[in-house]
Visitor: 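Mind looking over this structure? Questions follow.
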There are 2 protein chains.
Amino acid sequence: MTVTIKDVAKKAKVAPSTVSRVIADHPKITQETKEKVRKVMQELGYHPNLLARKLVTQSSQTIGVIRKMSSKYLLSDPFFPEALQGINDLLRAKKYSILTVNGEAEDEIYQEVVNMVQGKSVDGMILLYSQYQDPVFDFLVEQDFPFTMLGKPTEHSNKVMYVDNDNVKAACDMTEYLIQLGHTRIAYIGGDPKFEVHKDREQGYRQALIQANIQTEHIFRQEVSKENARNVVQQIMAQQPRPTAIVTTDELRAMSILSALYEQKLRVPDDIAVTAFTNSMLSELSSPPLTTMDIHPFQLGYETAKSLVDLLENPKMMKRNILVPATIVTRESCKKM
Amino acid sequence: MTVTIKDVAKKAKVAPSTVSRVIADHPKITQETKEKVRKVMQELGYHPNLLARKLVTQSSQTIGVIRKMSSKYLLSDPFFPEALQGINDLLRAKKYSILTVNGEAEDEIYQEVVNMVQGKSVDGMILLYSQYQDPVFDFLVEQDFPFTMLGKPTEHSNKVMYVDNDNVKAACDMTEYLIQLGHTRIAYIGGDPKFEVHKDREQGYRQALIQANIQTEHIFRQEVSKENARNVVQQIMAQQPRPTAIVTTDELRAMSILSALYEQKLRVPDDIAVTAFTNSMLSELSSPPLTTMDIHPFQLGYETAKSLVDLLENPKMMKRNILVPATIVTRESCKKM
DNA sequence: CTGAAAGCGCTTACAG
DNA sequence: CTGAAAGCGCTTACAG
């Protein structure tokens, strides 16, 4: 029913191997035969079966992209679509397909990853998160399977290639920016430090305070939700003297805080300053627009994919990690004290 | 190097076909042989090569999910992650893998889709958009390739299965809601009607006005951007008498409008009411929280995937389309006149 | 209940 | 420059 290389060969009166070589545009086939074969391919409506090619070449030309939704809010974080777009663009250019895995349940993800690797469905993997004691990570390291991470690994960092911002520096820079604006009482609202990114940003915040000789730190760790935001805002406002600025680690978190402040009729930036990370469209569209650390999600994704492809093309390459500089974009959510 | 079915067969002293049957848990193999073979599989660390299986069974157990980014802002629209999650969950449960295609350039997407179909890389496809005269759509219909759409097709709607809201009704309901609140001058801000969803929602808006005997319609079609929002708000405010409510068709659009109103120091809902569609976290987190038409993106995605799997399992099934009811969620962005 | 054989649709040394 | 042959790793009638 489907037309195969043999059908083309028969009709063109050549061997199947010749047809195969024409498909690959092999240099040693005469222009004449190529044209003849191509004409027949046209006539018969032939299209190579990729599955068969993959089986014989032992290469799937496919990359698995693993995303872990540790909580519902991560689903909406605009960081991921932008990073995925970067991965997508690079891989498309390099003729790789993308097989996605995303889920909440750790063991579901783990099982899918194992199947993909063992079943030879992918040539490499990209992990979109970095978490302490992650079974997927451990499995890939143990199998010595090619993969790269968007985010700094918590261990084996000499064996694994990753792409990340310098999150310590980024958070430190953001906090320093607020200090320069005259703030001295600055709160920090981030996520669970079992994720490397949150651990680093907390540390950056602390570092800035220390360097500025500020004694009191205000660290809040929470899932993003409206209720949590109300809670934190209440706690912050109850302090004497109260903080005048809030560093948050992403846009949804920042929006939840803006929302809680709005309910309390607190004005941003007049009553309190708020900052975010990521710099997607949300920072620009929120009211007021958010001063944000632009971590360049697209480029992070792009470079993560590029590192993986480089590794696949040259398995013996020296490992290298890439740090994408993060830059502050100032908008109306902060002002000089 | 990699251990195959043959290696297992040899060591277990059975035929390769027997090993294959053990993997498939074939009922006619004795428990005894099964155990023997499984033990050897364990010892050797055998894992079936999925590529080989797919080749011989002529089935990829993979679905292609096509997303088209007609503009940058669509990248950040929280509708998509939620819908994709629904697709993901259903397909995982049914043991299908997901191959994603997304891009801006129409011909790039088209080329990838053709390759996937011709190359037998996928068993079916899901289209996450519906657009007039879309080459991908035409190709799939012409090939009679199994696919379902999230969104109502512009043509061939008898041949194609789709899942959607009743967008005419949803927009009509939303407009009527505002009318019930006492608004009579209501503006509508949506997207290009070449996309079916926007065509329908415009129509629903019109329908509500007609039913309420309101003569003047205010329709704005625009890409989402801060500048466009400023522009539209300016136009709306310049009218005499000016509209007192704005229907927008998604959350990012609504946020851009809130943002422009905020700049103009116009208060929502006191000076003007604003509504949105989708009802992701953004509606809840924006300031003020948005009254939104909940279109249940997760369920839309889930049902779209389910329809496709049903079709694949039973190619002769009667076509059926699914409409997911949309429901208004009221929040603080509207109030009685 | 199990095995021998053919075949899925391709690629790639090896000859000539 | 092209062909015949083997093989990628599986599954599945067909026998027995």
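So that the names make sense, note that chain A is the first sequence line, chain B the second, and so on, each numbered from 1. The basis for the numbers below is simple: all heavy atoms, side chains too, and nothing from hydrogens, waters or symmetry mates.
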Visitor: If only atom types and distance count, is the side chain of A/D164 paired as donor or acceptor with the main-chain N or O of A/L323 below 3.5 Å?
Guide: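 Absent.
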Visitor: Would you say the side-chain atoms of A/T18 pair up with the backbone N or O of A/P16, donor to acceptor, closer than 3.5 Å?
Guide: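 No, the answer is negative, given that no donor and acceptor are paired below the 3.5 Å cut-off.
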Visitor: If I take atom CD in residue A/Q58 and atom P in nucleotide D/dG7, what distance separates them, rounded to the nearest angstrom?
Guide: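 My rounded result for the distance is 14 Å.
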Visitor: Looking just at side-chain N and O atoms, do A/T30 and A/T33 make a donor-acceptor pair shorter than 3.5 Å?
Guide: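 Indeed, the side chains of A/T30 and A/T33 share at least one donor-acceptor pair under 3.5 Å.
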Visitor: Expressed as a whole number of angstroms, how long is the span from A/M41:CE to C/dC10:P?
Guide: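 Those two atoms, CE and P, are 11 Å apart.
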Visitor: Partner of D/dA4 by Watson-Crick or G-U wobble geometry, both contacts under 3.5 Å, or none?
Guide: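 Pairing partner, where one exists within any strand: none, as none qualifies.
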Visitor: Figure out the CG/P separation between A/L55 and C/dC10, and round it to whole Å.
Guide: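 Rounded to the whole Å, the gap is 12 Å.
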Visitor: For a quick check under 3.5 Å, do B/Y110 and B/D134 share a side-chain donor-acceptor pair by atom type?
Guide: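 Absent: no donor and acceptor within the cut-off.
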Visitor: Say whether, by atom type as modelled, one donor and one acceptor occur between the side chain of B/N88 and the main chain of A/N102 under 3.5 angstrom.
Guide: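 Checking the backbone N and O of A/N102 against the side chain of B/N88, a donor-acceptor pair under 3.5 Å is found.
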Visitor: Over how many whole Å does the gap from A/N49 atom CG to C/dC8 atom P extend?
Guide: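 Atom CG in A/N49 sits about 11 Å away from atom P in C/dC8.
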Visitor: It should be established whether B/T2 places a side-chain nitrogen or oxygen under 4.0 Å from OP1 or OP2 of nucleotide D/dG9.
Guide: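 For D/dG9, OP1/OP2 do have a side-chain N/O of B/T2 under 4.0 Å.
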Visitor: Calculate the interatomic distance between A/K13 atom NZ and D/dT2 atom P; express it in whole Å.
Guide: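 Between P of D/dT2 and NZ of A/K13: 16 Å.
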Visitor: To the nearest Å, give me how far apart NZ (A/K6) and C1' (D/dA5) are.
Guide: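 One finds 12 Å between C1' of D/dA5 and NZ of A/K6, rounded.
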Visitor: Pull out every residue in residues 14-35 of chain A that has a heavy atom closer than 4.0 Å to any atom of DNA chain D, ordered by number, or say none.
Guide: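 Only A/V14, A/A15, A/S17, A/T18, A/R21, A/K28, A/I29, A/T30, A/T33 qualify.
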Visitor: Would you mind reading off the distance between B/R53 atom CZ and D/dC8 atom P, rounded to a whole angstrom?
Guide: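 The answer, rounded to whole Å, is 18 Å.
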Visitor: Check whether the side chains of B/K120 and B/Q58 place a donor and an acceptor atom closer than 3.5 Å, and report yes or no.
Guide: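 Result is no, nothing qualifies.
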Visitor: Measure CD/A/Q61 against P/C/dT11 and give the value in whole Å, please.
Guide: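 To the nearest whole Å, that distance equals 13 Å.
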